[in-house]
Amino acid sequence: MHRRIIVPSALAASLTLAIPASAADFAPGAPGIGDSYYPASGNGGYDVSHYDLRLKYEPSTDLLEGTATILATTKQNLSRFNLDLGLKVSEVRVNGRVAKFTASGAHELEVTPAVPLERNREISVVVRYAGKPSEFKVDGWSAWARTPDGGVAAQEPDSAVWWFPSNDHPLDKATFDVSVSVPAGHQAISNGVLQSQSTALGRTRFNWRSDKPQATYLATLAVGKFDITTDRTANGLPVLNAYSKDLGAHAGAARASIERTTEVAEWLETLFGPYPFNSLGGYVPNVTSGFALETQTRPFYSPRQFANGANVSVVVHELAHQWYGDSVSVRDWRDIWINEGFARYSQWLWSEKEGEGTAQELADYVYALRGSDDPFWTVKPGDPGPENQFHGAVYDRGALALQALRNEIGDEDFFAILKGWPKQFAYGNARVADFVRYAERVSGEPLAELFDTWLYEPSKPAAPPVAAAAPRTTAKAGAKAAAKPVQPKSWKKIAATNTVHDHESGHEGHGGR
């Protein structure tokens with residue numbers, strides 16, 4: 001910790017005022033941050049501001065060696081604190097001094113500094129570690145995927161414990177510097193801007209920087225052999241896309257989709273306001289998974305997302321998350337709707353823009369698609385439970401809630417809310433209740449009943465979202481609601497992205513996270 005230098009003339013006076021904390025005043029930080037779905041997720045007692053990760057990776061053996069420097073501020077008098085990490089640790093230093101450490105639980109690293117840490121002090125923690133990420137599993141589950149030429153870290157609700165020590169929960173966001181040494185001929189892809197790269201003695205080091213607050217699960221690393229395209233937006237934002245060289249039949253469709261990233265981001269800016277980060281792009285490694293993930297600034301896409309051809313809709317979904325999920329993140333994983341409902345609704349708005357079905361037509365179709373006895377309607381998007389966190393209802397019923405809101409308050413207020421919310425909570429965290437209050441404030445209307453109907457009632461709402469000007473109770477309206485709507489042209493493309501929430505199973509049982 002920082003020490004104050006007291007000059008002799010002030011020493012006597014300071015001795016009467018300085019009352020050192022006793023050992024009894026110091027306590028261990030909590031092993032969890034308090035998430036309602038994943039009690040062991042994250043840690044208490046400190047707040048991280050920056051991660052500096054210096055890594056070396058061997059694709060042939062999957063050996064990862066790392067030195068992580070973590071800058072944080074203590075939030076209580078700490079005798080001990082936890083980090084989340086699954087690899088083997090060889091040394092820990094706190095404020096430069098060797099600290100004791102021990103592994104516990106599925107992925108807890110308990111650190112005891114040489115000197116207890118006082119509240120509200122800036123600290124540095126250096127952790128040296130190594131291991132093969134693919135060999136680390138929690139309840140048989142892994143967030144690390146080996147590829148023919150390397151490895152990839154990308155998962156939700158967590159992936160950090162497979163490759164760096166952290167306070168692994170969206171509540172504790174930080175900036176990142178990620179420096180990775182790989183064999184020459186390989187590349188290392190991460191978040192943000194590539195600051196530099198250099199080759200010497202048969203190895204290449206890539207230095208990446210993500211300079212806005214970033215949740216740990218949104219940090220990503222991919223090592224392999226990639227074809228890389230670069231560009232700049234009209235506003236000068238760097239764009240970098242990366243495609244594994246061995247994508248086979250999926251290569252063309254993947255490029256045809258992801259190369260439209262700039263176009264999609266510019267359109268989303270008209271809905272949500274200025275893009276919130278320092279770079280743009282996406283990457284497609286040669287993995288066998290089927291999901292996509294909104295890793296900050298550079299979304300991850302599985303090749304299978306493009307098995308049936310180009311699909312810009314999935315790009316819309318993951319880029320919408322840069323505002324809804326990345327810049328504004330959940331306070332608790334039960335608040336997942338403020339990520340996924342908005343990303344899905346963005347796909348509906350893209351369909352509307354492209355003339356392939358309006359958001360209202362998609363809402364009518366989704367509502368009519370499932371009968372009232374379908375278990376789909378028992379999932380509550382506003383609090384789905386950890387077992388249903390990525391259930392289709394969080395996405396589709398979540399988007400229905402937004403169409404209901406749009407119809408209730410009108411387009412002017414609705415789109416003002418879509419743009420104002422990311423600005424109001426930029427780089428922070430929020431709950432579903434925060435959005436409800438914000439929508440009520442902007443619209444000037446009471447909305448609790450509407451949100452309760454669409455987000456919290458475990459049953460199919462009595463009627464689909466209908467524009468306020470439309471008759472709600474006439475026989476004609478009832479007959480129209482009962483008739484099966486025509487499938488919008490965009491539906492198959494949107495439905496093909498449903499595997500964005502198929503996080504390869506196991507997330508709900510991941511160490512109680």
Side-chain angles (χ1 to χ4, degrees), residues 32-39 41-42 44 47 156-157 169-173 213 215 217-218 271-273 276 294 320-346 377-391 393-410 413-459 461 465 501 508 513:
I33 210 166
D35 191 89
S36 61
Y37 284 2
Y38 308 113
S41 183
D47 183 77
E156 184 181 15
H169 191 277
L171 265 179
D172 195 358
K173 299 160 79 168
Y217 86 94
L218 296 172
L271 299 176
F272 303 149
E294 63 269 19
H321 275 311
Q322 304 304 305
W323 287 263
Y324 284 84
D326 293 11
S327 178
V328 185
S329 302
V330 296
R331 287 191 61 83
D332 187 288
W333 279 111
R334 74 193 302 171
D335 300 308
I336 189 67
W337 172 74
I338 63 173
N339 291 13
E340 303 301 348
F342 292 82
R344 175 51 52 90
Y345 194 74
S346 298
W377 299 107
T378 66
V379 177
K380 301 177 290 185
D383 186 5
E387 72 283 358
N388 287 318
Q389 188 178 350
F390 301 108
H391 192 282
V394 176
Y395 296 69
D396 285 341
R397 186 175 173 181
L400 283 171
L402 289 170
Q403 184 62 28
L405 174 65
R406 180 180 179 181
N407 290 342
E408 182 71 21
I409 66 176
D413 283 345
F414 178 75
F415 287 103
I417 289 167
L418 287 192
K419 186 172 288 188
W421 169 263
K423 181 178 180 180
Q424 177 80 15
F425 291 90
Y427 311 118
N429 303 79
R431 296 186 182 276
V432 173
D434 295 323
F435 183 83
V436 174
R437 284 191 292 268
Y438 182 80
E440 288 181 328
R441 186 167 73 249
V442 172
S443 68
E445 298 185 31
L447 298 170
E449 183 178 352
L450 179 147
F451 282 109
D452 185 64
T453 297
W454 290 99
L455 296 183
Y456 294 103
E457 288 295 327
S459 58
H501 58 75
E508 68 272 15
R513 298 180 69 80

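Excluded from the calculations below are hydrogen atoms, water molecules and symmetry mates; all remaining heavy atoms, backbone and side chain alike, are included. Numbers here simply count residues along the sequence, with the first being 1.
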Novice: Can you see which heavy atom on Pro276 is nearest to which on Tyr427, and at what distance?
Specialist: O-OH, 2.6 Å
Novice: With sequence neighbours excluded, what pairs up with Asn339 under the side-chain hydrogen bond (donor to acceptor under 3.5 Å, both in side chains) test?
Specialist: none
Novice: Quick one: do Phe272 and Trp421 satisfy side-chain contact (heavy atoms from CB on, under 4.5 Å)? Show the steps, please.
Specialist: CA-CA 8 Å; Phe272 303 149; Trp421 169 263; over 6 Å; no
Novice: Would you name the heavy atoms of Phe425 and Ala430 that are closest together and state the gap between them?
Specialist: CD2-CB, 3.9 Å
Novice: Sequence neighbours left out, what passes salt bridge (charged side-chain N to carboxylate O under 4.0 Å, His left out) with Arg406? Give chain and number order.
Specialist: Glu352, Asp411
Novice: Find the distance between CZ (Arg331) and NE2 (His169) and round it off to the nearest 0.5 Å.
Specialist: 9.5 Å
Novice: Roughly how far, to the nearest 0.5 Å, is the CG atom of Leu418 from the CZ atom of Phe342?
Specialist: 7.0 Å
Novice: Take Tyr345 and Phe414 through the ring-ring contact (aromatic ring centres under 6.0 Å, His included) test and state the conclusion after the steps.
Specialist: CA-CA 13 Å; Tyr345 194 74; Phe414 178 75; 5.7 Å; yes
Novice: Looking at side-chain heavy atoms only, is the closest gap between Pro461 and Trp377 below 4.5 Å?
Specialist: yes
Novice: Got a list of side-chain donor-acceptor pairs under 3.5 Å for residues 432-455, not counting sequence neighbours?
Specialist:
from: Asp434; atom 1: OD1; to: Arg437; atom 2: NH2; distance (Å): 2.6
from: Asp434; atom 1: OD2; to: Arg431; atom 2: N; distance (Å): 2.8
from: Tyr438; atom 1: OH; to: Gly420; atom 2: O; distance (Å): 3.4
from: Glu440; atom 1: OE2; to: Leu447; atom 2: N; distance (Å): 2.8
from: Glu440; atom 1: OE2; to: Ala448; atom 2: N; distance (Å): 3.4
from: Ser443; atom 1: OG; to: Ala439; atom 2: O; distance (Å): 2.7
from: Ser443; atom 1: OG; to: Glu445; atom 2: N; distance (Å): 3.2
from: Thr453; atom 1: OG1; to: Glu449; atom 2: O; distance (Å): 3.0

Novice: If you look only at pairs with a residue in residues 421-430, which of them pass as a salt bridge (charged side-chain N to carboxylate O under 4.0 Å, His left out), with sequence neighbours excluded?
Specialist: none
Novice: Say whether, by atom type as modelled, one donor and one acceptor occur between the side chain of Arg344 and the main chain of Gly398 under 3.5 angstrom.
Specialist: no
Novice: Between Tyr37 (side chain only) and Gly385 (backbone N and O only), is there a donor and an acceptor less than 3.5 Å apart?
Specialist: yes
Novice: For Ser36, check side-chain hydrogen bond (donor to acceptor under 3.5 Å, both in side chains) against everything at least two apart and list the hits.
Specialist: Asp332
Novice: A side-chain contact here means heavy atoms from C-beta on lying under 4.5 Å apart; do His391 and Arg397 qualify?
Specialist: no
Novice: At what distance, to the nearest 0.5 angstrom, does CD of Glu340 lie from CD of Gln389?
Specialist: 8.5 Å
Novice: If every non-hydrogen atom of Gly273 is compared with every non-hydrogen atom of Trp323, which pair is closest and at what distance?
Specialist: O-NE1, 3.2 Å
Novice: Can you list the residues that meet the side-chain hydrogen bond (donor to acceptor under 3.5 Å, both in side chains) rule with Gln322, with sequence neighbours excluded?
Specialist: Asp326
Novice: What's the verdict on side-chain contact (heavy atoms from CB on, under 4.5 Å) for Ile338 and Tyr324, showing C-alpha distance, side-chain angles and the deciding distance?
Specialist: CA-CA 7 Å; Ile338 63 173; Tyr324 284 84; 5.6 Å; no
Novice: Holding to side-chain hydrogen bond (donor to acceptor under 3.5 Å, both in side chains), I want the full list of residues that pass it with Arg334, two or more places apart in sequence or in another chain.
Specialist: Asp383
Novice: At what distance, to the nearest 0.5 angstrom, does NE2 of His321 lie from OG of Ser327?
Specialist: 13.5 Å
Novice: Kindly indicate whether the side chain of Phe415, heavy atoms from C-beta on, has any atom under 4.5 Å from the side chain of Leu271.
Specialist: yes
Novice: Check side chain to side chain contact (heavy atoms under 4.5 Å, CB included) between Pro170 and all other residues, then give those that pass, not counting sequence neighbours.
Specialist: Ala215, Tyr217, Ser329, Val330, Trp333, Asn429
